[in-house]
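Computed from heavy atoms alone, side chains included, the values below leave out hydrogens, waters and symmetry copies. Just so we're on the same page: letters track the sequence lines, and every chain starts at 1.
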2 protein chains.
Amino acid sequence: MSSGASIVIMATQQRRERERAQRETLIVNAAREMAEADGWPSVTVRKLAERIEYSQPVLYSHFAGRGAIVDAVALQGIAELTEVFKKARAAAEPGGEVAAVAQAYLDFASANPALFEAIFTLAEGLPFGADAPEVLKAAFAELYAVFAPLAGDRDPDAFTEVGWAAIHGLAALGRDGRLRPDLLEKRLPILLDLFTRP
Amino acid sequence: MSSGASIVIMATQQRRERERAQRETLIVNAAREMAEADGWPSVTVRKLAERIEYSQPVLYSHFAGRGAIVDAVALQGIAELTEVFKKARAAAEPGGEVAAVAQAYLDFASANPALFEAIFTLAEGLPFGADAPEVLKAAFAELYAVFAPLAGDRDPDAFTEVGWAAIHGLAALGRDGRLRPDLLEKRLPILLDLFTRP
DNA sequence: TAGGAAATCTAGCGTTGCTAGGAACATGAA
DNA sequence: TTCATGTTCCTAGCAACGCTAGATTTCCTA
């Protein structure tokens with residue numbers, strides 16, 4: 001076997017992996033779009049397979065099952081959310097970082113309800129403790145960056161978690177129509193006032 | 001037809017309605033227990049029917065479908081939550097009402113995770129706006145009673161919603177293991193400090 | 001006790017997530 | 001170019017799901 005042949009073999013394998021990776025993102029994107037269009041219950045393995053023009057077993061060669069696809073969408077969403085945080089914080093004027101990030105959080109939730117649902121109520125295979133994926137730690141780090149400076153003498157991690165929870169509560173309850181729409185614009189200022197008051 | 005006969009007929013009908021009501025609570029309780037034991041996905045109509053020792057169509061003579069059963073469990077849970085609020089507020093020492101109710105909320109969520117899930121992420125048939133069921137308004141009224149006095153010059157309704165959202169966020173994120181367990185006891189004091197500080 | 005209404009069950013439809021087994025394909029050697 | 005090989009993919013089908021039509025049994029009234 002010549003060395004030229006082995007190079008060809010490797011290149012072939014790499015191309016296959018590339019194609020597989022492409023198809024994998026194709027699946028994830030399709031699932032996300034379908035969920036955002038008609039809700040997660042209508043994202044069935046059959047419809048997903050038809051959409052990407054492959055048979056069902058192909059999906060199972062990429063993911064362990066339907067749940068794993070949802071998890072993949074959630075992970076993608078978390079990465080996007082982190083980017084949104086970064087941009088909001090960068091664009092904020094000094095002292096307004098919390099407001100910018102909080103508003104970004106709420107905007108993200110209302111703009112991508114299905115994605116939000118995947119991240120916070122559907123994803124079940126994502127580890128969240130010490131061995132959480134990197135994107136997840138990055139997302140929390142963004143929140144930490146804006147909340148920790150306001151912690152004062154309290155534990156900055158706990159303080160960040162409380163801040164996150166408060167915003168998240170607004171987003172979650174608001175998404176399900178459990179908060180009065182006419183008070184929408186009053187809620188965030190109140191929350192920010194509580195957190196930024198000296 | 002004698003008047004005595006019509007009385008018997010009415011009594012019979014009332015007995016039937018009573019029995020129907022009994023069976024309905026039997027269904028709801030069974031669903032709740034099964035959900036709390038093995039999670040909501042394992043609460044299938046078939047297993048539920050087997051559990052109450054009736055055939056499946058009987059369930060559909062009581063509820064429009066599986067979703068309506070979940071809604072009924074959620075409604076029962078909201079009523080219980082309201083009672084928990086009432087007791088917590090009554091037992092609290094002056095000035096500690098918010099702390100008592102907030103702690104009760106978190107305890108309720110961790111003690112009845114499936115019920116909590118039914119109320120906040122599964123129930124879809126429950127109206128939440130102006131024409132919400134009475135128990136739901138009562139639950140919010142309890143929260144209003146403890147938060148509104150702290151609103152100051154802010155809208156008391158919006159302030160209550162923010163308070164609710166903050167506690168709810170802690171409960172929701174905590175339930176899914178998204179918050180650090182070792183900071184559990186630090187979070188609520190921080191939150192209460194934010195809301196009760198003058 | 002007979003007749004009719006009400007309650008209940010049997011059986012089955014369409015859809016779901018998932019998988020076993022075989023067909024079709026690309027690949028590398030002769 | 002041709003053939004064996006290994007990979008990729010699809011067809012077909014299983015068990016379980018929510019739900020419902022129609023037969024059957026049970027109960028009440030007269």
A.B. asks: Is there side-chain contact between B/F120 and A/D176, with heavy atoms separated by less than 4.5 Å?
C.D. replies: no
A.B. asks: Can you pull out the residues from residues 24-39 of chain A that lie within a 4.0 Å heavy-atom distance of DNA chain D?
C.D. replies: none
A.B. asks: For A/D107, what residues pass the side chain to side chain donor-acceptor pair (under 3.5 Å) criterion, not counting sequence neighbours?
C.D. replies: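 A/D107 satisfies side chain to side chain donor-acceptor pair (under 3.5 Å) with A/Q103 once adjacent residues are dropped.
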A.B. asks: Do B/E33 and B/R51 pass the side chain to side chain contact (heavy atoms under 4.5 Å, CB included) test, and can you show the C-alpha distance, the side-chain angles, and the key distance before you say yes or no?
C.D. replies: CA-CA 11 Å; B/E33 286 166 18; B/R51 164 91 165 241; 2.5 Å; yes
A.B. asks: Quickly work out the B/F63 CZ to D/dT20 P distance and round it to whole Å.
C.D. replies: 15 Å
A.B. asks: How many angstroms lie between atom CG of B/L179 and atom CG of A/D157, to the nearest 0.5 angstrom?
C.D. replies: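 Rounded to the nearest 0.5 Å, the CG-CG separation comes to 11.5 Å.
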A.B. asks: Tell me which residues in residues 115-126 of chain B lie within less than 4.0 Å of DNA chain C, going by non-hydrogen atoms.
C.D. replies: none
A.B. asks: With a 4.5 Å limit on heavy-atom distance, are the side chains of B/L59 and B/I52 in contact?
C.D. replies: yes
A.B. asks: Are B/R154 and A/L194 side-chain neighbours, meaning at least one heavy-atom pair lies under 4.5 Å?
C.D. replies: yes
A.B. asks: For a side chain to side chain contact (heavy atoms under 4.5 Å, CB included) check, start with the C-alpha distance between A/F63 and A/D71, then their side-chain angles and the critical distance, and finish with the verdict.
C.D. replies: CA-CA 10 Å; A/F63 300 96; A/D71 292 352; over 6 Å; no
A.B. asks: Roughly how many Å is it from CH2 in A/W40 to C1' in C/dG17, rounded to a whole number?
C.D. replies: 15 Å
A.B. asks: Take atom CD of B/E17 and atom C1' of C/dA7, then tell me their distance rounded to the nearest Å.
C.D. replies: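 Answer to the nearest Å: 15 Å.
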A.B. asks: Closest-nucleotide mapping onto DNA chain D: is B/A64 or B/S42 further toward the 5' terminus? I mean the 5' end.
C.D. replies: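 In this pair, the answer is B/S42.
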A.B. asks: Distances under 3.5 Å between protein N/O atoms and the N/O atoms of nucleotides 10-16 of chain D, please, pair by pair.
C.D. replies:
unit_1	atom_1	unit_2	atom_2	d
D/dC10	OP2	A/S55	N	2.9
D/dC10	OP2	A/S55	OG	2.7

A.B. asks: Just checking A/R20: base, sugar-phosphate only, or nothing, at a heavy-atom cut-off of under 4.0 Å?
C.D. replies: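 Nothing, no heavy atom under 4.0 Å.
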A.B. asks: Hey, are the side chains of B/T121 and B/W40 touching, using non-hydrogen atoms and a 4.5 Å cut-off?
C.D. replies: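 B/T121 vs B/W40: side chains apart.
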A.B. asks: Please list, by residue number, the residues of residues 65-74 of chain B whose heavy atoms come closer than 4.0 Å to an atom of DNA chain D; answer none if no residue qualifies.
C.D. replies: B/G65, B/R66
A.B. asks: Would you say the side-chain atoms of A/R175 pair up with the backbone N or O of A/E117, donor to acceptor, closer than 3.5 Å?
C.D. replies: no
A.B. asks: Treating B/E161 as the side-chain partner and B/F159 as the backbone partner, does any N or O pair qualify as donor plus acceptor under 3.5 Å?
C.D. replies: no
A.B. asks: Does B/F108 offer a backbone N or O that forms a donor-acceptor pair with the side chain of B/N112 under 3.5 Å?
C.D. replies: yes
A.B. asks: Do A/V45 and A/I69 come close enough that some side-chain heavy atom pair is under 4.5 Å?
C.D. replies: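 No. Closest side-chain heavy atoms not under 4.5 Å.
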A.B. asks: The criterion is side chain to side chain donor-acceptor pair (under 3.5 Å); which residues satisfy it with B/R23, sequence neighbours excluded?
C.D. replies: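 Expected list: B/H62.
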